[in-house]
2 protein chains.
Amino acid sequence: MPYDPSAFPPFAVTVDLVVLTVRRHALCALAVRRGEPPFQGRWALPGGFVRPDEDLAQAAARELVEETGLRAHDPSVPAQDNGAHLEQLATYGDPKRDPRMRVVSVAHLALAPDLPAPRAGGDASNARWAPVEELLQQGGYGRDGEPVAPLAFDHHQILADGVERARSKIEYSSLATAFCPSEFTVGELRRVYEAVWGVALDPRNFHRKVTGTPGFLVPTGGTTTRQGGRPAQLFRAGGATLLNPPMLRPEV
Amino acid sequence: MPYDPSAFPPFAVTVDLVVLTVRRHALCALAVRRGEPPFQGRWALPGGFVRPDEDLAQAAARELVEETGLRAHDPSVPAQDNGAHLEQLATYGDPKRDPRMRVVSVAHLALAPDLPAPRAGGDASNARWAPVEELLQQGGYGRDGEPVAPLAFDHHQILADGVERARSKIEYSSLATAFCPSEFTVGELRRVYEAVWGVALDPRNFHRKVTGTPGFLVPTGGTTTRQGGRPAQLFRAGGATLLNPPMLRPEV
DNA sequence: AGTGTTTATCGTCAAGCAGACGACTATGAT
DNA sequence: ATCATAGTCGTCTGCTTGACGATAAACACT
């Protein structure tokens, strides 16, 4: 199979983003409304073309800023705060996934705390945080009784893959702290796990597990009562990124 | 940012393969010698362009057949035998990763039992199974004392990522059976773990673990003495793909 | 001030699993 | 017959988990 550099088939390459956050006890994803065909008016994941001089991670970080204002967390500066976690998810390249042309999309997964208001090129009505449960029930009905159209392109699959990645990765890593502000309580972290997994966890056992894992949480000394009840210690994420033994996701 | 279908930047899209097997107690990867510039004469991972009408997984499966003769295991036919396990690994798109043009490579990971002789378009001298330890020690010297040139392009990184994926995934899945023939003994499976992780495992505890996990191994009834010593029961992989609790990779 | 509610945190106990390791078994090689 | 090799079954100890009781410290009422 001789190599002919002038005869390679041309592709368009895009990045799509699964941006997840936890709001009001539910795992939510960022969705944007499409302004042009195909799938005009339908909800989709944010994304765009990779530029000619850009790395894939750079393109994902740029799209993240454009769509949310969130800066991506730079792994080379571990001590820093509120950047979003950003990692490559998977690549989707079915020849028919875009009806216009051959597009290969490198999907990325971003995890962010619940601070930012969505913005899509400044137009808030075309971007929203939607519970993933709602986005993933294709052809069903939303909480308002209105029928829910499925996401554009193959974004249903991409979102499902991103959610599954997040659900499994918080088991064995400190990734759940990416959903929290820079200082947080054990209870707030527990509510992240509960929202992402959709289960209830025992507060006492959870507390024992996370405070007993060396390097996972470091106390800041402060306390807060922002959740009500007895004041809780504030922590920030420790250096440990791998959780061993892992946090066990309950069965059933 | 208006959409202009005629103005997307063109990319070449390739698939590269990290094909792993276990030979003579060592984790080995398939390497092919490059016949043309750039990196002419250097070792590289097998790969090639994605065709215009081809899915990414199809392209990877086709390259796997072309380079090794191995058919990819079809997940829709779980009862079958000796196809190789094939999964997408990650995508690499640094603008400078190929000096000729902008190439985005979707790397795939394949795991195969130690049966096939390598072939690279029929030319065996241009393909070999090399211990990953040897391929990954850049700028060092091989077992024969000859200096080892690093792999072409960014294939060092791709191989390292693939090896790490395999090492972590056998912890919590039945993936290690992909390195075994369709019928195998507990000891053979243990030697796979030992080769992939580069550690020694206690045969008694390993035996207890794998035979005690429901659905992981199913006995075929037969026995073999091909490893010497007392005859060992033969098993085949059970339906369980997730190992819970996981097999623990020893520290240090 | 007292009472209830909420959340946080500490302890206890039993079951299960992992690591270390002894003992025995069944084959082939010498 | 003896040895070496590999496989298989048990035992013991320590750690982790899951279930859950009990206490602590705030706030919201009355």
Side-chain angles (χ1 to χ4, degrees), chain A residues 24-25 170-172 180 183-195 197 199-236 240 242-252, chain B residues 24-25 170-172 180 183-195 197 199-236 240 242-252:
Chain A
R24 286 184 272 114
H25 240 247
I170 64 174
E171 285 188 59
Y172 57 89
C180 295
E183 294 196 357
F184 55 89
T185 70
V186 172
E188 288 163 350
L189 184 62
R190 175 171 49 81
R191 278 180 276 276
V192 165
Y193 275 90
E194 291 178 332
W197 284 344
V199 297
L201 299 176
D202 185 290
R204 297 156 290 189
N205 293 337
F206 183 88
H207 189 279
R208 178 182 60 189
K209 173 73 176 174
V210 296
T211 58
T213 301
F216 188 31
L217 298 181
V218 294
T220 67
T223 62
T224 182
T225 61
R226 62 187 172 218
Q227 299 290 337
R230 170 177 167 179
Q233 283 188 74
L234 284 170
F235 296 86
R236 65 179 71 242
L242 239 50
L243 207 46
N244 200 327
M247 178 96 52
L248 294 180
R249 172 159 34 161
E251 310 284 317
V252 184
Chain B
R24 285 185 273 115
H25 240 251
I170 64 173
E171 285 189 60
Y172 57 89
C180 295
E183 296 197 357
F184 54 89
T185 70
V186 172
E188 287 163 352
L189 184 62
R190 175 170 49 82
R191 279 181 275 276
V192 165
Y193 275 90
E194 291 178 333
W197 284 343
V199 298
L201 299 175
D202 186 291
R204 296 155 293 189
N205 293 337
F206 184 88
H207 189 277
R208 178 182 60 189
K209 173 72 176 173
V210 296
T211 58
T213 301
F216 187 34
L217 298 181
V218 294
T220 66
T223 62
T224 183
T225 62
R226 62 186 172 219
Q227 298 292 338
R230 170 177 165 179
Q233 282 187 74
L234 284 170
F235 295 87
R236 64 179 72 241
L242 239 51
L243 208 45
N244 200 326
M247 179 95 54
L248 295 179
R249 173 159 34 160
E251 312 281 318
V252 184

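Throughout, a chain's letter reflects where its sequence line sits, starting with A, and its residues are numbered from 1. The model shown is predicted, which means the values in this text are computed figures rather than measured ones.
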Exercise. So, is B:Lys209 near the phosphate of C:dA18, with a side-chain N or O under 4.0 Å from OP1 or OP2?
Worked result: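 Affirmative; the distance criterion is met.
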
For this session: For C:dT7, take OP1 and OP2 only and decide whether either is under 4.0 Å from a side-chain N or O of A:Arg191.
Result: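 No, no such contact exists.
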
Choose from [options] the nucleotide whose nearest atom is closest to any side-chain atom of [X].
X: B:Pro245; options: C:dA8, C:dG19, C:dC17; answer: C:dC17
X: A:Pro231; options: D:dA26, D:dT8, C:dT9; answer: D:dA26
X: B:Asn205; options: D:dA26, C:dC21, C:dT9; answer: C:dC21

Exercise. For DNA chain D, whose closest nucleotide is more 5', that of B:Gln233 or that of B:Gly229?
Worked result: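 Result of the comparison: B:Gly229.
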
Please determine whether any donor N or O and acceptor N or O are separated by less than 3.5 Å between the side chain of [X] and the base of [N].
X: B:Arg230; N: C:dA26; answer: no
X: A:Arg204; N: D:dG18; answer: no
X: B:Arg208; N: C:dG19; answer: yes

Calculate the interatomic distance between [X] atom [atom1] and [N] atom [atom2]; express it in whole Å.
X: B:Gln227; N: C:dA26; atom1: CD; atom2: C1'; result: 16 Å
X: A:Asp202; N: C:dT9; atom1: CG; atom2: C1'; result: 12 Å
X: B:Asn244; N: C:dC17; atom1: CG; atom2: P; result: 10 Å
X: B:Leu201; N: D:dG7; atom1: CG; atom2: P; result: 13 Å
X: A:Glu171; N: D:dT17; atom1: CD; atom2: P; result: 13 Å
X: A:Leu248; N: C:dG16; atom1: CG; atom2: C1'; result: 12 Å
X: B:His207; N: C:dT25; atom1: NE2; atom2: P; result: 16 Å
X: B:Phe235; N: D:dT8; atom1: CZ; atom2: C1'; result: 10 Å

Exercise. Is B:Arg190 touching bases, backbone alone, or none of the nucleic acid, heavy atoms closer than 4.0 Å?
Worked result: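 Sugar-phosphate: the residue B:Arg190, judged by heavy atoms under 4.0 Å, touches backbone atoms but no base.
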
Any non-hydrogen side-chain atom of [X] less than 4.5 Å from a side-chain atom of [Y]?
X: A:Phe206; Y: A:Met247; answer: yes
X: B:Trp197; Y: B:Glu171; answer: yes
X: B:Val199; Y: B:Leu201; answer: yes

For this session: Identify the two heavy atoms, one from B:Pro219 and one from B:Gln233, that lie closest to each other, and give their separation to 0.1 Å.
Result: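 Residues B:Pro219 and B:Gln233, closest heavy atoms: CB-OE1, 3.9 Å.
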
Exercise. Taking the nucleotide of DNA chain C with the closest heavy atom to each, which residue, B:Pro246 or B:Gly228, is nearer the 5' end?
Worked result: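 Here B:Pro246 is the residue nearer the 5' end.
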
Problem set entry | B:Leu242 side, atom CG; B:Tyr172 side, atom OH - distance, nearest 0.5 Å |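 Reported value, rounded in 0.5 Å steps: 8.0 Å.
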
